[in-house]
Amino acid sequence: QVQLVESGGGLVQTGGSLRLSCLGSGRTFKNYNIGWFRQAPGKEREFVARITWSGDSTYYADSVKGRFIISRENAKDTVSLQMNSLRPEDTAVYYCAASPFTGVQATNYYDWGQGTQVTVSS
């Protein structure tokens, strides 16, 4: 099992930026693909971005494409999500999750962090 913890959430104005981080446990973290998901109040969880274990492939939801950037530093067991040009509709709890697969379906992600709140004011 991979232990994950998110950080970096907060309150930001429309058009601003935040950088989220997902810290993994130990040396095995680098062997997992990492996805970011979010859940807004009263809404379903949705996929945001994914990066493969090697960092050679990234994939983004259409709603964040061109605004968000996912990256990882395996030596530090860290995956980051740089969020730019934030909008009020980006307001949600953001979760990182680990999967042995490269897909973006939430059901393929077995280990989840506790989430970090992102609030974008209008």
Side-chain angles (χ1 to χ4, degrees):
Q1 184 178 28
V2 179
Q3 298 295 131
L4 305 173
V5 58
E6 302 93 338
S7 63
L11 176 65
V12 66
Q13 294 179 331
T14 297
S17 298
L18 283 174
R19 187 177 183 88
L20 307 182
S21 64
C22 174
L23 306 181
S25 62
R27 57 194 295 270
T28 62
F29 178 78
K30 64 182 179 182
N31 296 323
Y32 290 85
N33 305 301
I34 301 296
W36 282 96
F37 298 80
R38 67 187 182 187
Q39 187 165 15
K43 297 185 178 181
E44 299 292 326
R45 178 179 55 190
E46 65 174 339
F47 166 78
V48 176
R50 181 269 290 148
I51 189 167
T52 55
W53 67 267
S54 64
D56 65 337
S57 177
T58 59
Y59 187 79
Y60 300 90
D62 288 342
S63 60
V64 306
K65 191 176 300 181
R67 298 189 298 122
F68 291 10
I69 302 172
I70 189 171
S71 61
R72 70 188 301 165
E73 298 179 52
N74 286 338
K76 298 182 178 180
D77 292 344
T78 300
V79 170
S80 298
L81 183 69
Q82 178 66 42
M83 306 186 296
N84 302 313
S85 301
L86 284 163
R87 308 162 180 168
E89 52 264 43
D90 294 319
T91 295
V93 176
Y94 284 71
Y95 302 89
C96 66
S99 174
F101 310 110
T102 59
V104 298
Q105 295 175 304
T107 52
N108 292 143
Y109 290 78
Y110 306 135
D111 302 303
W112 295 77
Q114 83 290 344
T116 185
Q117 176 70 48
V118 172
T119 302
V120 184
S121 62
S122 60

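Just so you know, these numbers come straight off a predicted model, no measurement behind them.
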Quick one, [X] and [Y] - any side-chain contact, counting heavy atoms below 4.5 Å?
X      : Y     : result
Val79  : Ile51 : yes
Thr119 : Val12 : no
Trp36  : Tyr60 : no
Tyr59  : Thr52 : no
Ser80  : Thr78 : yes
Leu18  : Leu86 : yes
Arg19  : Ser71 : yes

Would Asn108 and Ser99 count as a side-chain hydrogen bond (donor to acceptor under 3.5 Å, both in side chains) here? Give the steps.
CA-CA 6 Å; Asn108 292 143; Ser99 174; 5.7 Å; no
Is a salt bridge present between Asp90 and Arg67, judged by a nitrogen-to-oxygen distance below 4.0 Å?
yes
Assess whether a salt bridge exists between Lys65 and Asp62, defined as any Lys/Arg side-chain N lying under 4.0 Å from an Asp/Glu carboxylate O.
yes
As an exercise, state the distance from CD of Gln3 to CH2 of Trp112, rounded to the nearest 0.5 Å.
15.0 Å
SG (Cys96) and CD (Glu6) are apart, to the nearest 0.5 Å, by 4.0 Å
I need the minimum non-hydrogen distance between [X] and [Y], along with the two atoms involved.
X      : Y      : result
Ser63  : Arg87  : O-NH1, 4.0 Å
Arg72  : Trp53  : NH1-CA, 2.9 Å
Tyr110 : Pro100 : CE1-CD, 3.6 Å
Gly113 : Tyr95  : O-CD2, 3.6 Å
Leu4   : Gln114 : O-OE1, 3.8 Å
Thr91  : Ala40  : O-CB, 3.5 Å

Regarding [X] and [Y], do their side chains bring together a donor and an acceptor under 3.5 Å, going by distance alone?
X     : Y     : result
Tyr94 : Arg38 : yes
Ser7  : Ser21 : yes
Ser17 : Asn84 : yes

Under 6.0 Å between ring centres: does that hold for Phe47 and Phe37?
yes
May I ask you to decide if Asp77's main-chain N or O and Glu73's side chain share a donor-acceptor pair within less than 3.5 Å?
no
N/O donor-acceptor pair under 3.5 Å between Asp111 side chain and Ala97 backbone:
no
Applying side-chain contact (heavy atoms from CB on, under 4.5 Å), run through Leu20 and Val118 and close with a yes or a no.
CA-CA 9 Å; Leu20 307 182; Val118 172; 4.0 Å; yes
Are Tyr109 and Tyr32 connected in the hydrophobic side-chain network, where two residues link if heavy atoms are under 4.5 Å apart?
no
ILVMFWY network linking Ile69 to Val64, side-chain heavy atoms under 4.5 angstrom:
yes
